[in-house]
Amino acid sequence: MSQQVRTRFAPSPTGYLHIGGLRTALYCYLFTRKVGGAFLLRIEDTDRKRYVPEAEDYFIRALEWCGIQCDEGVHVGGDYGPYRQSDRKELYQKYVQQLVDTEKAYYAFDTPEELEAMREAAKQQGNHNIKYDAKTRLQMRNSLTLPEEEVQQLLNDGAPYVIRIKIEPNQEVTVNDLVRGLVTINSNEIDDKVMLKSDGMPTYHLANIVDDHSMKITHVIRGEEWLPSTPLHVLLYRAFGWEDTMPQFAHLPLILKPEGKGKLSKRDGDRLGFPVFPIAWTEEGADQPSKGFREMGFFSEAFVNFLAFLGWNPGTEQEIFTMEELTDAFTIERISKSGAKFDFNKAKWFNEQYLKNKSDAELTEAALAYAPEKLEELQICKEYVNGVWGLMKERVTFPSDIWTKAAYLFAKPDTYDAKVVRKKWKEERIPLFEDLKKRLAALDDFSSTNVETSIKAFIEETGLGFGNVLQVFRVMLAGTTKGPSVFDMAALLGKEEVVERMERGAKIFDEMNALLA
RNA sequence: GGCCCGUUCGUCUAGGGGUUAGGACGCCAGAUUUUCAUUCUGGUAACACGGGUUCGAUUCCCGUACGGGCUACCA
């Protein structure tokens, strides 16, 4: 009784892969992995007008980056291929012929112009609900209305035609959706959808049924936008006589714009300054690729973790999950029904969590990947960058942030906090800082704790107070009042550099105060 | 317009006929007798509305409102 679970991710190669699509792939993958089934990638390239050649490769790279492995697909093969619908054309024609032969489908010769005219005329009469269905098909030019010889003649002459499914009116069609429960719709709401287009290609509706059936798909997990056409799909399974092996359906809620209205789109990302796709994508005609999450500095594990939680949760309070943990925890029952607004802040938070757990060396490599010239430009070595990570790990979101947020650890500061200088760089204290510099210069072991001991002793002896000394010292070293422990910074910079920065700071502080006087 | 789906803090969500309605992000406030961008502690804040059913409804049912999706020879 227990058959192997088989699921598919079936994007259409019309452009980049949106994160909503990617989340569908993720859920599909998690569900399938959990039960030990097969997950496959099928390319639905039946629309020749919108076909974008680069898209297929992009899908593959995007899935790869996320760690979503396909058991079968265009790129890895498998026993149920071909996995590209354009390579399966004959199959659809064969099956659609079966529908015609059993009078469940028919030829229709109406041109797009005629259809448009029909809809327009109906609209004029106040009918916004016109369909090509049981009510109207007898007024159209098709094999149900035309004499048989004429139909034959038209076909022989090579007249353009489509094949439409003949929907029987007044049937209640019920779908048991795994996310939403029972959804019932009357077949009067469904029109005689085109199955085979005039270019000989199938429509999505036909192709997805034929493929899901012949690829032995057991669970169709897809976006909510497909829910309204699912009853049609059920009717198609029925028409083919495949209802007993029909897959189960699970329709996922949509990912919405952050401010609420509508599906998230690429334009939202551009407008609000965050990516809406996993990896960089070059739009046709654009000279610059648009950044993806990867390019922005997201770790794929963080991205996947974030995505998994957009519309699903384990019901526990754990939030950080590896792919393996997600696989264990995932169930379709825990997918939420309502759409989720995209929250970039939360995405960043996930990245911070993962960043903290990376080793210094890993982070150095990651940061260098964004700016390989830095080593030479700043005259530093990787070991030094590792040291910076030791101090900065908990204070940044993306690996490349250290180049800006910790710039003062790579080069002497070029600005100094004016407020601190004005308030704390007092005439009478200048010699004391000169003294402090000498003390530090005399240290043999310039470790963080040693520097700390030395400075604390100095504070006690001079009675200057922590704030007055440490604040000034920090600004001398970093220019800013923000940052990690001063003692750690001093140790990392090294004695020589600290002494240099103290001298330079004192000189510039004097100048700054002179300007104010 | 028609059909379908949805609605718990600003956001992601847990929960479920009787709860102080829980967590996370964000935000705010204190603490870490050096900074804050870290860490810790605390705080702010939600069951869309109206009818039922019920001893009791945020939870179940029905409406309404609002949001979303679909309505192509696109997927």
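It should be emphasised that the depicted structure is a prediction, and the values quoted were computed from it without experimental measurement. Residue numbering restarts at 1 for every chain, and letters A, B, ... go by the order of the sequence lines.
- With no hydrogens or angles considered, no side-chain donor-acceptor pair links A:T397 and A:N351 at under 3.5 Å.
- Straight-line distance between the P atoms of B:U54 and B:C70: roughly 42 Å, to the nearest whole Å.
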Exercise for the section: Determine, for nucleotides 7-15 of chain B in 5'-to-3' order, which nucleotides have protein heavy atoms under 4.0 Å from the base (write B), from only the sugar-phosphate (write S), or from neither (write -). Expected result: S---SBSSS

Measure all distances between protein nitrogen or oxygen atoms and nitrogen or oxygen atoms of nucleotides 73-75 of chain B, and list the pairs falling under 3.5 Å.
{"from": "B:C73", "atom 1": "OP2", "to": "A:R164", "atom 2": "NH2", "distance (Å)": "3.4"}
{"from": "B:C73", "atom 1": "O2", "to": "A:S198", "atom 2": "N", "distance (Å)": "2.8"}
{"from": "B:C73", "atom 1": "O2", "to": "A:S198", "atom 2": "OG", "distance (Å)": "2.7"}
{"from": "B:C73", "atom 1": "N3", "to": "A:S198", "atom 2": "OG", "distance (Å)": "3.1"}
{"from": "B:C73", "atom 1": "N4", "to": "A:D110", "atom 2": "O", "distance (Å)": "3.1"}
{"from": "B:C74", "atom 1": "OP2", "to": "A:K197", "atom 2": "NZ", "distance (Å)": "3.0"}
{"from": "B:C74", "atom 1": "O2'", "to": "A:D47", "atom 2": "OD2", "distance (Å)": "2.7"}
{"from": "B:C74", "atom 1": "O2'", "to": "A:R50", "atom 2": "NH2", "distance (Å)": "3.1"}
{"from": "B:C74", "atom 1": "O2", "to": "A:R50", "atom 2": "NH2", "distance (Å)": "3.1"}
{"from": "B:A75", "atom 1": "OP1", "to": "A:T46", "atom 2": "OG1", "distance (Å)": "2.9"}
{"from": "B:A75", "atom 1": "OP1", "to": "A:K197", "atom 2": "NZ", "distance (Å)": "2.7"}
{"from": "B:A75", "atom 1": "OP2", "to": "A:Y204", "atom 2": "N", "distance (Å)": "3.2"}
{"from": "B:A75", "atom 1": "O3'", "to": "A:E44", "atom 2": "OE1", "distance (Å)": "3.2"}

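- Across the strands present, B:C73 finds no partner; the criterion is a Watson-Crick or G-U wobble pair with both atom distances under 3.5 angstrom.
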Handout entry: Letter per nucleotide, 5' to 3', of nucleotides 28-34 of chain B [B base touched, S only sugar-phosphate touched, - untouched; heavy atoms, 4.0 Å]
Key = ------B

Between the protein and nucleotides 39-48 of chain B, which nitrogen or oxygen pairs are less than 3.5 angstrom apart?
{"from": "B:U39", "atom 1": "OP1", "to": "A:K356", "atom 2": "NZ", "distance (Å)": "2.5"}

Atom pairs and distances, side-chain donor-acceptor, residues 193-202 of chain A, under 3.5 Å, sequence neighbours left out:
{"from": "A:K193", "atom 1": "NZ", "to": "A:D191", "atom 2": "OD1", "distance (Å)": "2.8"}
{"from": "A:K197", "atom 1": "NZ", "to": "A:T46", "atom 2": "O", "distance (Å)": "3.0"}
{"from": "A:D199", "atom 1": "OD1", "to": "A:M201", "atom 2": "N", "distance (Å)": "2.9"}

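- Straight-line distance between the P atoms of B:U20 and B:U32: roughly 35 Å, to the nearest whole Å.
- Atom OH of A:Y161 is surrounded by 12 or fewer heavy atoms from other residues, nucleotides or ligands within 6.0 Å.
- Across B:A57 and B:G16, the matching C1' atoms stand 10 Å from one another, rounded to whole Å.
- Within 4.0 Å of A:F249, counting heavy atoms only, lies no atom of the nucleic acid at all.
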Please list, one pair per line, the donor and acceptor atoms closer than 3.5 Å that link side chains of residues 9-20 of chain A to other protein atoms, with sequence neighbours excluded.
{"from": "A:S12", "atom 1": "OG", "to": "A:E44", "atom 2": "O", "distance (Å)": "3.2"}
{"from": "A:H18", "atom 1": "ND1", "to": "A:G20", "atom 2": "N", "distance (Å)": "2.7"}
{"from": "A:H18", "atom 1": "NE2", "to": "A:L264", "atom 2": "O", "distance (Å)": "2.8"}

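- For B:C25 and B:C62, the C1' atoms lie 37 Å apart once the distance is rounded to whole Å.
- A donor-acceptor contact under 3.5 Å is not formed by the side chain of A:N345 with the base of B:G26.
- Of the C1' atoms belonging to B:C60 and B:C47, the separation is 15 Å, rounded to the nearest Å.
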